[in-house]
Participant: 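Pasting in a structure now, in structure tokens, and then I'll have a few things to ask.
All values derive from a computational prediction rather than experimental measurement. Below, chains carry the letters A, B, ... as their sequence lines are ordered, and counting in each starts from 1. What's counted below: heavy atoms across the whole structure, side chains too, no hydrogens, waters or symmetry copies.
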Number of protein chains: 2
Amino acid sequence: MFTLRHVLPIMQQIQHAIRQMIMISQQEMEGLLKDCYSKTVKPKEFLSKQEQISNEIFFICKGITRSTIVDQSGVEHTIHFSLENQFVADYSSFMLKTPALNSIEAIEETEVIVMPRSAIEWGYAHLQQGDRMGRLIAEYYFIYFDNRLKNQYVFTPVQRYENISRVFPNIHNRVPQHMIASYLGISPVHLSRLKKLI
Amino acid sequence: MFTLRHVLPIMQQIQHAIRQMIMISQQEMEGLLKDCYSKTVKPKEFLSKQEQISNEIFFICKGITRSTIVDQSGVEHTIHFSLENQFVADYSSFMLKTPALNSIEAIEETEVIVMPRSAIEWGYAHLQQGDRMGRLIAEYYFIYFDNRLKNQYVFTPVQRYENISRVFPNIHNRVPQHMIASYLGISPVHLSRLKKLI
DNA sequence: TTCGTTCGTTAACATTTGTTTAGATTAATC
DNA sequence: GATTAATCTAAACAAATGTTAACGAACGAA
């Protein structure tokens, strides 16, 4: 049987990400990560599915995922891409303990650290800076969403396309174009058309 | 000169809102609110303007505001409405201390409590549950934004219009229709056209 | 009151975007 | 390697949305 000491090296990346947010002792870190484990999913496999309550937060060590939501007509929309060194979850479902509206699906082969609810709650209760960590995560995502929403109002589809390409230059090699179109809120045919005009 | 004891009655509403989020002693409450003050703005007057760093959070006691953002072509978009008993600010600007992209403008005569940055920072540093309050506020807005973004993907303009009318039935008596159109991301002429079809 | 402004509706027309279908290319699977 | 599936592009047409202009009603300021 492995002890925590043996498992930790795999956890280096997530530890680094956590230490960028808060001051945390080695002892606290071990407590926080004791229920966490790593998991690998293949392309098109799901990390979590809609209609189930999200009881896990994922930290992406390697790979890329997309979060999808299905509308009343059954059409699937890509609402986020998530990359290496980012946390991903349906946070609304996690926080409210309501059924998730999102699914999270791997695009490439993806390796994640799974943080179960028990680990997060242990953190809030026992970490000196637990609530601070929660606040910073929430604020980080708040800023991200605020930005996304403003973009929707202020930029045209072409501008949004150029913005992604700038922020995430490699995206065209890693995700199919029809998913980018879905993310932009336009049809794949139309994105192809717009590209011709640039 | 008024002491805090005299000022507090005006502050009842905001105290109630704060107590719904965290446990807070009367002494802590007085510390938190000691730099806060009330302010009344007339319709079309601004609580805060774009390009300035937001150093205040507003609590709306009475009235209604809209948050606006201007695109590259100079067109103004309404991105939020905020009502009684809600906090409003350009939180991204407040948190990052960067120039605001939003302006906040009163639609009706509006009375707010102004919470300066000093009050918020005092709260984070001295309140027993300061970070918890920060986390809950950030999480609350996170959920709000998450929802807004999903709505953009999943609902048509007509559905979004019906959703507002349901969530905020009185909106048509309180805000001009062209602002609602702007909020929905469509032209005022088109909203008028869509209404005919319902 | 009177005058000017803001607001909502309507119609006509222009532009953008979606849909369908087809074909060609590449990637994945057996 | 052969076959199937996935992906992107293209064209033609349909639907949705924007723009402009005109008009009248409601509202506010002088």
Participant: Figure out the NZ/P separation between A:K42 and C:dT29, and round it to whole Å.
Facilitator: 10 Å
Participant: Among C:dG8, D:dT17, C:dA11, which nucleotide sits nearest the side chain of B:P157?
Facilitator: D:dT17
Participant: Does B:Q177 or A:S187 map to a spot on DNA chain C nearer the 5' end, using the closest nucleotide for each?
Facilitator: B:Q177
Participant: Tell me which nucleotide among C:dG18, C:dT10, C:dT20 gets nearest to the side chain of A:I186.
Facilitator: C:dG18
Participant: Without decimals, in angstroms, what is the distance between A:M179 CE and D:dT7 C1'?
Facilitator: 11 Å
Participant: Just say parallel, tilted or perpendicular for the rings of A:Y183 and A:F81, cut-offs at 30° and 60°.
Facilitator: tilted
Participant: Specify the separation, in whole Å, of atom CG of B:L194 and atom P of D:dA15.
Facilitator: 16 Å
Participant: With a 4.0 Å cut-off on heavy atoms, is A:P188 in touch with a base, just the backbone sugar-phosphate, or nothing at all?
Facilitator: nothing
Participant: Just how far, in rounded Å, is P of D:dT19 from NE2 of B:H178?
Facilitator: 16 Å
Participant: Mind calculating the distance between CZ (A:R174) and P (D:dT7) to the nearest angstrom?
Facilitator: 17 Å
Participant: Can you tell me how the ring of B:Y141 sits relative to the ring of B:Y144, calling it parallel under 30°, perpendicular over 60° and tilted otherwise?
Facilitator: perpendicular
Participant: Mapping B:K44 and B:L191 to their closest nucleotides on DNA chain C, which lands nearer the 5' end?
Facilitator: B:K44
Participant: Looking at C:dG18, does its base get a donor-acceptor pair with the side chain of A:R193 below 3.5 Å?
Facilitator: yes
Participant: Atom NE2 of B:H190 and atom P of C:dA14: how far apart are they, to the nearest Å?
Facilitator: 19 Å
Participant: Would you please indicate yes or no on a ring centroid separation below 6.0 angstrom for B:Y161 and B:H172?
Facilitator: yes
Participant: Tell me whether the OP1 or OP2 atom of C:dT9 has a side-chain N or O from B:K195 closer than 4.0 Å.
Facilitator: yes
Participant: What I'd like to find out is whether the side chain of B:R66 reaches to under 4.5 Å of the side chain of B:E76, using heavy atoms alone.
Facilitator: yes
Participant: Starting at atom CD1 of A:I107, determine the distance to atom C1' of C:dA28, rounded to an integer number of angstrom.
Facilitator: 17 Å
Participant: I need the B:L127 CG to B:I24 CD1 distance, nearest 0.5 Å.
Facilitator: 4.5 Å
Participant: Atom CD of A:E109 and atom C1' of C:dA27: how far apart are they, to the nearest Å?
Facilitator: 17 Å
